[in-house]
Amino acid sequence: MHSASNAEASTAWPFQVRALTPHMGAEISGIDFSTDLSADTLQAVHRAFLHYQVLVFSAQHISPEQQVQLARGFGEVQIHVMNQYHTEGLPEIYRLSNLNEQGLPNGKHPDRGTLAWHTDGSWLRVTGHATLIYGEVMPEPGQGGQTHFCDMYGAYERLDASMKQRIADMRAVHNLDFSRTRRHAENPMTDEQRKIAPPVDHPVVRTHPETGRKCLYLGDHAQYIVGMDYEAGRKLIEELNSFALQADLIYEHEWQVHQLLIWDNRCLMHKATTYDPFTQKRVIRRCTVLGEIPH
């Protein structure tokens, strides 16, 4: 079993690294992205990203422009089809806020789909690679609005041999309209958005293109299994998603204002936790980097 505390973790990093769980996650300090976006730094960050899957950076001021520039160090940055979330004059930024024009909580959750376990961009043919989220405003400590992560390498590795064999060649259809309607039906996709983002199919078991490790690749955007009865396929997807949620495979992140998180969508699921949108403020801005077609 791979763990973030094995010998590989003793690599000499050009920054401070503290492992967060035995399986994934590291807190990184000693980097200021507002002044250092050098190739050497980005290369080292990418190495840590592959090893730990989710990186938590010390609180620092990062402008939207700097966030986009940092994201471009990982690859092509997604222009999200849900253009109502674009902001800052930068279409690469996807901003989720529950504040009104006076800067007060408006009582509305901007995207309840984020409260379900998912992987960013799985509904695209070329799927999400890295996600970079910056916390502009966060609820008071202990008042919700956390982000949780689940290790899908570990989930796959714990399946029994018969289940691994059963799902080895299965493909699931991922559909943003399906998940959006389930979770946020009062603000559905437009016809134009549905046309731009049609359903796509991906392997249920994905081989990570850089590490070569296998993982489950499902989440809330996965609607049905190709070639399987719809309800039977739904049941299997929910069963596998639930199986993945083992306590020691989950990292629960309690945010500090102005923290930056970077994670690998190819081997993680994640979700936000609830907070009271009438009394608590939460504003995050996100960039998702596009990767490759899963195999």
Side-chain angles (χ1 to χ4, degrees), residues 13 15 17 20 24-82 85-97 110-111 113-114 118-122 124 126-138 145-150 208 210 219 251 253-272 282-292:
W13 303 103
F15 35 69
V17 177
L20 294 169
M24 63 168 172
E27 186 177 68
I28 307 292
S29 53
I31 296 179
D32 183 349
F33 287 121
S34 69
T35 59
D36 185 4
L37 288 169
S38 67
D40 287 347
T41 294
L42 292 179
Q43 185 178 40
V45 167
H46 188 258
R47 212 158 34 88
F49 161 86
L50 290 177
H51 181 66
Y52 290 103
Q53 292 122 267
V54 55
L55 304 179
V56 177
F57 292 88
S58 302
Q60 55 191 284
H61 288 279
I62 301 174
S63 71
E65 292 80 8
Q66 289 164 339
Q67 183 177 353
V68 172
Q69 187 179 353
L70 175 58
R72 286 175 180 154
F74 283 80
E76 179 187 354
V77 185
Q78 176 191 18
I79 308 298
H80 203 287
V81 66
M82 304 297 285
Y85 296 106
H86 293 178
T87 189
E88 315 284 357
L90 296 166
E92 298 92 343
I93 294 284
Y94 185 95
R95 191 169 187 260
L96 294 176
S97 169
D111 185 356
T114 62
H118 66 286
T119 180
D120 290 340
S122 72
L124 293 163
V126 176
T127 61
H129 168 193
T131 289
L132 300 82
I133 280 189
Y134 184 72
E136 289 187 358
V137 182
M138 284 294 156
Q146 296 181 332
T147 302
H148 293 183
F149 299 90
C150 179
H208 194 290
E210 295 185 86
Y251 165 59
H253 181 67
E254 183 78 61
W255 281 88
Q256 297 177 23
V257 178
H258 297 154
Q259 277 185 328
L260 175 77
L261 270 61
I262 304 178
W263 67 80
D264 192 337
N265 287 292
R266 301 167 295 183
C267 55
L268 293 176
M269 289 196 301
H270 67 280
K271 70 167 187 173
R282 191 176 192 269
V283 182
I284 62 101
R285 48 178 149 91
R286 185 183 95 191
C287 292
T288 298
V289 179
L290 299 175
E292 53 284 305

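All values below were derived from every heavy atom in this structure, side-chain atoms included, with hydrogens, water molecules and symmetry-related copies excluded. In this text the structure is predicted, and so the values were computed from the model without any measurement.
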Heavy-atom closest pair (Glu210 atom, Arg266 atom, distance to 0.1 Å) is OE2-NH2, 2.8 Å
When you look at Glu76 and Val126, which way does the side chain to side chain contact (heavy atoms under 4.5 Å, CB included) test go after all the steps? CA-CA 11 Å; Glu76 179 187 354; Val126 176; over 6 Å; no
His258 and His61, any side-chain heavy atoms less than 4.5 Å apart: yes
Counting distance only, does the side-chain N/O of Gln66 pair as donor-acceptor with the main-chain N or O of Ser34 below 3.5 Å? yes
When you measure from the side chain of Asn265 to the backbone of Asp120, do you find a donor-acceptor pair of N or O atoms at a distance under 3.5 Å? yes
Look up atom CD1 in Ile284 and atom CG in Leu260, then write down how far apart they are to the nearest 0.5 Å. 11.0 Å
Audit row: Leu70, Tyr134, side chain to side chain contact (heavy atoms under 4.5 Å, CB included) steps and yes/no: CA-CA 12 Å; Leu70 175 58; Tyr134 184 72; over 6 Å; no
Measure up the Phe49 and His129 rings against each other and bin them: parallel (under 30°), tilted (30 to 60°), perpendicular (over 60°). perpendicular
Value rounded to 0.5 Å, distance of OG1 in Thr147 from CE in Met138: 6.5 Å
Do you know the tightest heavy-atom contact between Leu96 and Thr114? CD1-CG2, 3.9 Å
Side-chain donor or acceptor of Gln67 paired with backbone N/O of Arg285 under 3.5 Å: yes
Crowded around Gln43 CD? As in, over 12 foreign heavy atoms under 6.0 Å? no
If we only count heavy atoms from C-beta on, is the Val45 to Phe74 side-chain gap below 4.5 Å? yes
Out of the candidates Arg286, Gln78, Arg72, only one should pair with Glu92 under the side-chain hydrogen bond (donor to acceptor under 3.5 Å, both in side chains) rule; please name it. Arg72
After noting the C-alpha distance and the side-chain angles of Phe149 and Gln53, does the key distance pass the side chain to side chain contact (heavy atoms under 4.5 Å, CB included) rule? CA-CA 10 Å; Phe149 299 90; Gln53 292 122 267; over 6 Å; no
Less than 4.5 Å apart, side chain to side chain, heavy atoms only: is that true for Trp255 and Ile133? yes
Counting distance only, does the side-chain N/O of Ser29 pair as donor-acceptor with the main-chain N or O of Val17 below 3.5 Å? no
Over all heavy atoms of both residues, which pair between Val289 and Ala71 is shortest? Give the atoms and the distance, please. CG2-O, 3.4 Å
Exam field: side chain His118 to backbone His270, donor-acceptor pair closer than 3.5 Å: yes
Under a 3.5 Å threshold, yes or no: a donor from one side chain and an acceptor from the other, between Tyr94 and Asp111? yes
Donor-acceptor pair between His253 and His148 side chains, under 3.5 angstrom: no
How long is the straight-line distance from CD1 of Ile62 back to CD of Gln259, given to the nearest 0.5 Å? 10.5 Å
Using a 3.5 Å distance criterion without hydrogens, assess whether the side chain of Gln60 forms a donor-acceptor pair with backbone atoms of Ser58. yes
So do Thr131 and Cys287 actually touch side chain to side chain, heavy atoms under 4.5 Å? no
Between His51 and Trp13, what is the ring plane arrangement, given parallel below 30°, perpendicular above 60°, and tilted in between? tilted
At what distance, to the nearest 0.5 angstrom, does CG of Asp264 lie from CD1 of Ile262? 11.0 Å
